[in-house]
Undergrad: 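Below is one structure. I have some questions about it.
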Protein chains: 2
Amino acid sequence: MPHPPVSVSKRPSIAEYLAEAIFSGRYQPGDFVPKEVDLATQFSINRSAVRSDLRQLVDAGIIERISGHGSKVRAFESWNILDPQVTEWMTRYAAPNPDIQREILAFRLDVEPYVAMTAARRATARDLVAIEEAFDGMAREMQSQLGNKRLHSDYDIAFHVAIFKATRNIVWSQLSHILRPAISLLIESSNESATDPEASLERHRQLMEAIRARAPEDAFRAAQAVLAGTADALGIRPGDAILGSAWAPLPAQ
Amino acid sequence: MPHPPVSVSKRPSIAEYLAEAIFSGRYQPGDFVPKEVDLATQFSINRSAVRSDLRQLVDAGIIERISGHGSKVRAFESWNILDPQVTEWMTRYAAPNPDIQREILAFRLDVEPYVAMTAARRATARDLVAIEEAFDGMAREMQSQLGNKRLHSDYDIAFHVAIFKATRNIVWSQLSHILRPAISLLIESSNESATDPEASLERHRQLMEAIRARAPEDAFRAAQAVLAGTADALGIRPGDAILGSAWAPLPAQ
DNA sequence: TGCTAGCGAATGTTCAACATTTTCACAATC
DNA sequence: GATTGTGAAAATGTTGAACATTCGCTAGCA
C-alpha cells in the first residue's frame with residue numbers, strides 16, 4: 001500500500017500565522033498587521049487567499065478591517081473568547097494576556113462546581129464512559145515514568161469537557177471549550193499535579209465517583225476540591241470566585 | 001446640506017440571506033444550499049463575494065463546505081450558539097429549533113441568579129447607570145399607551161445584558177449575548193409582561209435595587225423571581241433548571 | 001460482488017484589472 | 001492665519017475569467 005500523500009503540504013495558513021503572532025503579543029491591540037499584498041508575496045500565495053484567511057480573524061473578533069487603511073488588531077474585550085477557534089488559538093499559543101487568563105480561570109472557578117452538580121443529576125451511561133476513559137488516561141499517563149505532560153493535560157481537558165457534556169445541555173457543552181486554555185496554562189506553568197500528583201488524581205477520582213453515584217452535592221464539593229489546587233497554583237484565591245463563597249451555608253463543607 | 005448618501009445600498013449580503021433561510025427552516029441540517037455560481041448570478045454579485053459570505057457561515061459552524069460537492073447545513077449541535085453573530089441571527093429570525101430555544105432558556109435559568117448575585121458584589125457606578133437607563137426605558141415604553149413591544153424587549157435585553165456586564169468578568173459579559181434570543185422569543189409569543197406588566201416591572205425594579213444596595217442574596221432571589229414568570233410562560237418548570245433547586249437551603253426563601 | 005478508472009460537477013486557487021475609501025499634503029480662498 | 005477644497009497615494013473592496021483540485025458517481029471489468 002502506498003503512503004498516504006505525504007507531500008500534500010497544504011498552503012500556509014495566514015490565519016494561523018497571524019493568530020500566533022497576535023496571541024503571542026508580537027502585534028498588540030491597536031497595531032496594524034501587514035497589508036494584504038505583503039502577506040501574499042511573503043507567503044507566495046494569492047491575495048484572494050490572504051483575504052479569505054483575514055476573514056476568519058474578523059469573524060473571531062480579533063482584527064478589524066478598515067477600508068483603504070489596513071487591518072487593525074482589536075481590543076481584547078472584542079475577541080470572541082467563546083468561539084472554539086479562538087480558545088484553540090489561546091490554548092496553542094498560550095497566554096495572550098494574563099488578565100484574560102485570570103478572568104477565564106475565575107469564570108471556571110465559578111461554574112465548574114455547578115456543572116459537576118448538574119452532571120451528577122443528568123449523566124447517562126455513555127457520559128460516564130467518556131469521563132472514565134479520560135480519567136484512566138490521566139492515571140495511565142501519570143504512572144508511566146516518562147509521563148508526557150502534554151498528553152496528561154489532554155486527558156485532563158477531556159475529563160472536564162466530558163463533565164460539561166454530561167449536563168446534557170448544549171450551552172454548557174459548548175462552553176466547555178473555554179476551559180481548555182485555562183487547563184493548558186496550568187500545565188505549562190509548573191502544574192499542581194507536579195507538586196502532588198497522586199492527591200490531584202485522587203480528587204479527580206472522587207469527583208468522578210460522585211457523578212457516577214448521582215450525588216450532586218458531593219460532586220459540587222469534589223469539583224471545588226479539584227479546583228482549589230488549580231486556583232492557588234495561579235495565585236487566585238477561591239474567594240475571588242464569584243459563586244464560591246455563596247456556598248458557605250452548604251452543610252458539611 | 002444634502003442628504004447623507006441615501007442610495008448607497010451596499011451589496012446584498014448572501015450570509016444574511018442564507019442565515020434567514022436556514023434559521024427559519026427552509027434549509028434543514030443535511031440539506032445543501034445553492035452552489036456558489038447560482039447564488040452569484042441570482043444576486044448579481046461576484047463569486048468571490050459569495051465565497052466571502054459563505055466563509056462567515058462556516059466560521060459560525062452553520063455550514064460545512066465539501067470540496068467539489070457543495071455546502072451542507074450542519075447539525076444543530078455544531079452551530080456556535082455562543083457566537084454573537086449566531087445569537088443575533090437567532091434573535092432576528094426566531095426559533096430555529098424549539099429544542100435549542102428550550103436549552104438556552106434552561107441555561108439562562110441556571111446562571112442568571114448567580115450573575116445577579118455577582119453583579120451585586122461588583123457593580124460600579126457606571127454599571128448601575130446602564131442598568132437604570134435600561135430599566136427606565138422599559139418603564140417608559142410600558143407606560144406610553146402605544147407601548148412598542150419591540151422597543152420594550154430591546155430595553156429588557158439591555159437590562160439583563162447590563163447585569164451580565166456588571167460582573168466585571170469578560171466571560172460572563174460575552175455570555176450575555178446568549179440571552180437575547182431567549183428574551184426575544186418570549187416577547188414574540190405573548191410575553192409575560194402582557195399578562196401582568198406592572199408586576200413584571202416591579203420584579204425588575206427589585207432586582208435593580210438589590211444590586212444597587214450591594215445585597216447579593218437579595219439579588220439572587222430577585223433574579224429568580226424575574227425568571228419565574230419567564231419560565232412558565234414557555235412551559236419550563238423552574239425545577240428543570242440546573243441550579244435552582246440547590247438553593248433551597250438558602251435562608252428565608 | 002467488489003474493485004478500479006475515469007467523468008463531471010462543485011469548490012479551491014490564481015491572476016489582473018478596476019472601484020472605493022481614507023488619509024495626507026498642498027494650494028486656494030476667505 | 002485659519003479654513004476649505006482638491007488631488008494624489010495607499011490600502012482595502014469588487015469583479016471576471018481561467019485553471020487546479022477534490023469528491024461522488026457510474027460504467028466497466030474481473
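All chains are named by letter (A, B, ...) in the order of the sequence lines, taking the proteins before the strands, and each is independently numbered beginning at 1. Only this structure's heavy atoms are used, side chains among them; waters, hydrogens and symmetry mates stay out.
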Undergrad: Can you tell whether the side chains of A:D127 and A:R168 come within less than 4.0 Å, N to carboxylate O?
TA: yes
Undergrad: Only pairs under 3.5 Å count here: list side-chain donor-acceptor contacts from residues 36-46 of chain A, not counting sequence neighbours, and write none if there are none.
TA:
unit_1	atom_1	unit_2	atom_2	d
A:E36	OE1	A:R47	NE	2.5
A:E36	OE1	A:R47	NH2	3.1
A:E36	OE2	A:R51	NH1	2.8
A:E36	OE2	A:R65	NH1	3.4
A:E36	OE2	A:R65	NH2	2.4
A:T41	OG1	A:V37	O	3.2
A:T41	OG1	A:D38	O	2.9
A:N46	OD1	A:S48	N	2.9
A:N46	OD1	A:S48	OG	3.1

Undergrad: Find out whether A:V171 and B:D110 are in side-chain contact, i.e. whether some heavy atom of one side chain is under 4.5 Å from a heavy atom of the other.
TA: no
Undergrad: Test of understanding: with salt bridge (charged side-chain N to carboxylate O under 4.0 Å, His left out), list the residues that count as partners of B:E16, not counting sequence neighbours.
TA: B:R92
Undergrad: Please list, in numerical order, the residues of residues 32-42 of chain A that have a heavy atom closer than 4.0 Å to any atom of DNA chain D.
TA: A:K35, A:E36
Undergrad: For the residue pair A:H69 and A:F32, does the interplanar ring angle fall in the parallel (under 30°), tilted (30 to 60°) or perpendicular (over 60°) class?
TA: perpendicular
Undergrad: Whole angstroms only, please: what is the CD-C1' distance between B:E64 and C:dA10?
TA: 15 Å
Undergrad: Restricting to pairs with a member in residues 47-68 of chain B, which pass ring-ring contact (aromatic ring centres under 6.0 Å, His included), not counting sequence neighbours?
TA: none
Undergrad: Mind calculating the distance between CZ (A:R65) and P (D:dA10) to the nearest angstrom?
TA: 19 Å
Undergrad: What's touching nucleotides 23-25 of chain D from the protein side, N or O pairs under 3.5 Å?
TA:
unit_1	atom_1	unit_2	atom_2	d
D:dC23	O4'	B:S67	O	3.2

Undergrad: Salt bridge check, A:E20 against A:R26: does any charged N sit closer than 4.0 Å to a carboxylate O?
TA: yes
Undergrad: Measure up the B:F107 and A:W172 rings against each other and bin them: parallel (under 30°), tilted (30 to 60°), perpendicular (over 60°).
TA: perpendicular
Undergrad: Give the intermediate values and the outcome of side-chain hydrogen bond (donor to acceptor under 3.5 Å, both in side chains) for residues A:T167 and A:R122.
TA: CA-CA 6 Å; A:T167 60; A:R122 305 209 187 138; 5.9 Å; no
Undergrad: Quick one, which residues of residues 43-57 of chain A touch DNA chain D with a heavy atom under 4.0 Å?
TA: A:R47, A:R51
Undergrad: Is any NZ, NE, NH1 or NH2 atom of the basic residue among B:D136 and B:R140 found under 4.0 Å from an Asp or Glu carboxylate oxygen of the other?
TA: no
